[in-house]
Amino acid sequence: MIEFAVHTRDDGIGVVTPEGRLNMVSARRLKEILSELVSGGTTRIVVDLGETTFLDSSGLGALIGGLKSARQAGGDLRIARVSPAVMTVFELTNLDRVLRARESVEGAFDD
Amino acid sequence: MIEFAVHTRDDGIGVVTPEGRLNMVSARRLKEILSELVSGGTTRIVVDLGETTFLDSSGLGALIGGLKSARQAGGDLRIARVSPAVMTVFELTNLDRVLRARESVEGAFDD
Amino acid sequence: MTDPGPARVVTTLESRLVLSAPATPEIMDLVHAMLEHLWGTSPDISDRDRMRFEMSVIEILGNVVEHAYAADHSDIPGQDGRRFEIVVGITEENLMAHLGDNGLPTELDLSGVAMPDALAESGRGLALATAALDDLSYERVDGRNLWDLLCLRTAD
Amino acid sequence: MTDPGPARVVTTLESRLVLSAPATPEIMDLVHAMLEHLWGTSPDISDRDRMRFEMSVIEILGNVVEHAYAADHSDIPGQDGRRFEIVVGITEENLMAHLGDNGLPTELDLSGVAMPDALAESGRGLALATAALDDLSYERVDGRNLWDLLCLRTAD
Ligand SMILES: Nc1ncnc2c1ncn2[C@@H]1O[C@H](COP(=O)(O)OP(=O)(O)O)[C@@H](O)[C@H]1O
Ligand SMILES: Nc1ncnc2c1ncn2[C@@H]1O[C@H](COP(=O)(O)OP(=O)(O)O)[C@@H](O)[C@H]1O
């Protein structure tokens, strides 16, 4: 069971908040949401993982897919508010370097 | 998994809202909540079943227990906002006559 | 004691869900989750059918947890613990469940189950399940209690 | 192919949970619910241990659902459908899972699993599970694929 909260901020940055578990079933929906944002012109995206209780390789794949298409369109994808448990999954795959976790959604594009 | 929202209105009526499933485990907690309300002087109680997705005989037992102690203390217990599925359980036990379902929480003590 | 009920066929259904677990009150939530998965696979089942089936499953399983082990000593180390198995499944016509537990045999007469007084606070479980189900059977086989529950699906 | 792993002992644990069900993507949520019940019975397990175990179980089961039936014909009427069984359990020292499925055998070499490129969008599942687990074993027995997963519990 998962819900996705999606909104675009005044500064044009899209914020996607997966609430629940990012697994095989929900990763497909995340992939769609991210590619719709990018093709709709929102190329700077923050994925707020603060409400994400579980992550697996399909969730990682959806994030990497979104990162690539955002960058191809001249933007970027960043992740924020990653819990220690979810961080474990990024560390095990060495993706903590490609997708560096930011503390807050607000400041995710500050650097 | 269940949560109980409990509050006492300005007119002294207590409103208990079980959010989720009323089964063996959660009925014990409902029983406690109802008897604490009555012993604390709140003898008119509405149980708002609008957020209750499941009910079994232990849930019915907790409601009947609350009804009896409320009446003994000079008050009453009423149920409101019962879904058709939950209503089935009252009908099967003929308790729809002892605990008549009211449409709204606000009007549950109007008659 | 009766013969296996018509719902026993659920144990051979290709789409069945089977859970085997310790018989504790806390396991109820997992059985609810199992039924929720089942409703997801057949979204056309009426709310009323879901409720009478789910309530009956929970009543019968609740009785197993509360009563079937009351006087036994199966928690002595080295003996098999208190476990149950539940099989649930749906066909075009039926909702079916089969429960097995390793508790004590019961002498319950299911045909004599009556609804207690309106103001009784317990004793309504079996009456509720027999009123809600289209068939409920119990038998004792090889040291296990076996319960079979059947709801014929109705239009909403 | 390897021998049964040290986690196989989970199938004899008195407190084990066992689920048998059709191998569909939707069943994942029920396996998550099963693990949630398990965490409720042992609240002292660290978040990190829970995550690496749950993620590995879901990866291995996800592979069964996605890959183990790719080329077979078990959905021909009359043949046994695509089903799996999962057993999970906890001891003072270990988190353990055992998975069995009736899919096709695989020639995977678990010792040769490597993490793909950083920008790859798939192919990370087995690498992630082998990195997260303390033991992962696979064997083919009597027409079934058997997977055994072990996490040694660590302090938080
Ligand atoms: N599985 C069982 N094993 C042994 N006794 C049982 C079982 N189920 C029911 N009973 C007996 O039947 C009685 C009535 O059960 P029930 O109608 O469910 O109400 P309650 O559980 O509230 O007492 C129980 O109190 C118990 O003595
Ligand atoms: N249970 C399985 N049965 C058959 N093939 C498998 C199984 N698990 C994995 N594989 C094969 O190994 C490959 C790598 O799996 P994995 O690392 O989980 O990544 P992904 O599933 O994203 O491809 C799969 O693409 C598949 O070809």
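Chain A is the first sequence line, chain B the second, and so forth, proteins listed ahead of strands; every chain is numbered from 1.
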Segment of A118(D) engaging chain A (4.5 angstrom heavy-atom cut-off): both
Residues from residues 95-111 of chain A approaching chain D under 4.5 Å (heavy atoms): L95(A), V98(A)
Exceeds 12 heavy-atom contacts within 6.0 angstrom, atom CG of D142(D): no
Heavy-atom donor-acceptor pair, T88(A) side chain to R48(D) backbone, under 3.5 Å: no
Chain D contact residues among residues 61-80 of chain A, heavy-atom distance under 4.5 Å: G61(A), I64(A), G65(A), L67(A), K68(A)
From L19(D), L38(D), L95(D), residue fulfilling side-chain contact (heavy atoms from CB on, under 4.5 Å) relative to V88(D): L38(D)
Side chain to side chain, N23(A) and D29(D), heavy atoms closer than 4.5 Å: yes
Pairs of heavy atoms under 4.5 Å with chain A: top-ranked of R50(D), M28(D), E54(D): E54(D)
Proximity breakdown for M55(D) and chain A, heavy-atom pairs closer than 4.5 Å: both
Heavy-atom proximity to chain D below 4.5 Å, by part of S26(A): neither
Segment of V89(A) engaging chain D (4.5 angstrom heavy-atom cut-off): both
Parallel, tilted or perpendicular, as decided by the 30° and 60° cut-offs, for the rings of W147(D) and Y138(D): tilted
salt_bridge(D148(D), R8(D)) N-O dist < 4.0 Å: yes
Residues R144(D) and E85(D) bridged, charged N to O under 4.0 Å: no
Closest approach of A129(D) to I60(D) (non-hydrogen atoms, all atoms of both residues): CB-CD1, 4.1 Å
Derivation of the side-chain contact (heavy atoms from CB on, under 4.5 Å) call for D44(D) and R153(D): CA-CA 10 Å; D44(D) 55 331; R153(D) 291 173 62 175; 3.2 Å; yes
Heavy-atom contact with chain A under 4.5 Å, split by part of L119(D): both
Spatial distance of atom CD1 (I45(A)) from atom CG (L34(A)) [nearest 0.5 Å]: 5.5 Å
Atom group of D56(A) that falls short of 4.5 Å from chain D, counting heavy atoms: both
Pairs satisfying ring-ring contact (aromatic ring centres under 6.0 Å, His included), at least one member in residues 58-105 of chain A, at least two apart: none
R124(D)/E59(D) salt bridge by N-O under 4.0 Å criterion: no
Pairwise side chain to side chain donor-acceptor pair (under 3.5 Å) hits with a residue in residues 34-47 of chain A, at least two apart: none
